Amino acid sequence: QVQLVESGGGSVQAGGSLRLSCAASGYIYSRYCMGWFRQAPGNEREGVANIASDGSTRYADSVKGRFTISKDNAKNTLYLQMNSLKPEDTAMYYCAAGIGLYGPACLSTGDAGMDYWGKGTLVTISS
């Protein structure tokens, strides 16, 4: 049974930082495509950042230069460092894992390509 559990969400003022974590269990974490997604109230879920098994990454234009996705294979944990936060970053943030997606295929995949999801952690940014 694959399990993903997010943590680290909270409420901060604009310009602040948060670090999200996603603890993974039940599978060979290091070989999976991993990603962070978010959904704001009234909006569709959107991709934030992906990281492939080889460590390559891709970011949504809206977060480039502010967010950093990383992973610690020894700890089976995915991270999202979020700096210079803006009110429009307010959303529920989800981590996800995809099977059989490597390199460019992982980086280009959206939420439809992911197989496992966490329950999310809420990020609220005040102006």
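The residues of the chain are indexed from 1 along the displayed sequence. All of these numbers come straight from a predicted model, not from anything done at the bench.
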Atom pair [atom1] ([X]) and [atom2] ([Y]), whose distance is rounded to the nearest 0.5 Å:
{"X": "Gln39", "Y": "Glu44", "atom1": "CD", "atom2": "CD", "answer": "8.0 Å"}
{"X": "Ser127", "Y": "Gln13", "atom1": "OG", "atom2": "CD", "answer": "9.0 Å"}
{"X": "Ser70", "Y": "Met34", "atom1": "OG", "atom2": "CE", "answer": "11.5 Å"}
{"X": "Leu101", "Y": "Ser53", "atom1": "CG", "atom2": "OG", "answer": "9.5 Å"}
{"X": "Thr124", "Y": "Met92", "atom1": "OG1", "atom2": "CE", "answer": "8.5 Å"}
{"X": "Ser11", "Y": "Leu85", "atom1": "OG", "atom2": "CG", "answer": "11.5 Å"}

Any side-chain heavy atom of [X] sitting closer than 4.5 Å to one from [Y]?
{"X": "Trp36", "Y": "Ile51", "result": "no"}
{"X": "Ser7", "Y": "Thr121", "result": "no"}
{"X": "Asn43", "Y": "Arg38", "result": "no"}
{"X": "Ile69", "Y": "Tyr59", "result": "yes"}
{"X": "Arg58", "Y": "Ser108", "result": "no"}
{"X": "Met82", "Y": "Val63", "result": "no"}
{"X": "Thr90", "Y": "Val123", "result": "no"}
{"X": "Tyr94", "Y": "Met114", "result": "no"}

Please give me the minimum heavy-atom distance between [X] and [Y], naming the atom from each residue.
{"X": "Asp54", "Y": "Ser56", "answer": "OD1-OG, 2.6 Å"}
{"X": "Leu80", "Y": "Ala49", "answer": "CD1-CB, 4.4 Å"}
{"X": "Thr77", "Y": "Ser21", "answer": "CG2-CB, 4.2 Å"}
{"X": "Tyr32", "Y": "Ala97", "answer": "CD2-CB, 3.9 Å"}
{"X": "Ala52", "Y": "Gly103", "answer": "CB-N, 3.9 Å"}
{"X": "Leu78", "Y": "Cys95", "answer": "CD2-CB, 4.0 Å"}

Practice prompt. May I ask you to decide if the ring planes of Phe67 and Tyr93 are parallel, tilted or perpendicular, using 30° and 60° as cut-offs?
Written response: tilted

Worksheet item: Would Val48 and Leu18 show up in the same hydrophobic cluster when neighbours are defined by side-chain heavy atoms closer than 4.5 Å?
Response: yes

Worksheet item: What about Leu20 and Leu122, same hydrophobic cluster or not, with Ile/Leu/Val/Met/Phe/Trp/Tyr joined at side-chain heavy-atom distances under 4.5 Å?
Response: no

Fill in: Any donor-acceptor pair under 3.5 Å from Tyr116 side chain to Ile99 backbone
no

Worksheet item: So, Asn50 side chain and Thr109 main chain: donor-acceptor pair closer than 3.5 Å or not?
Response: yes

Worksheet item: Got a salt bridge between Glu6 and Lys119, using NZ or NE/NH1/NH2 to carboxylate O under 4.0 Å?
Response: no

Fill in: Sidechain N-carboxylate O distance under 4.0 Å for Lys64, Asp61
yes

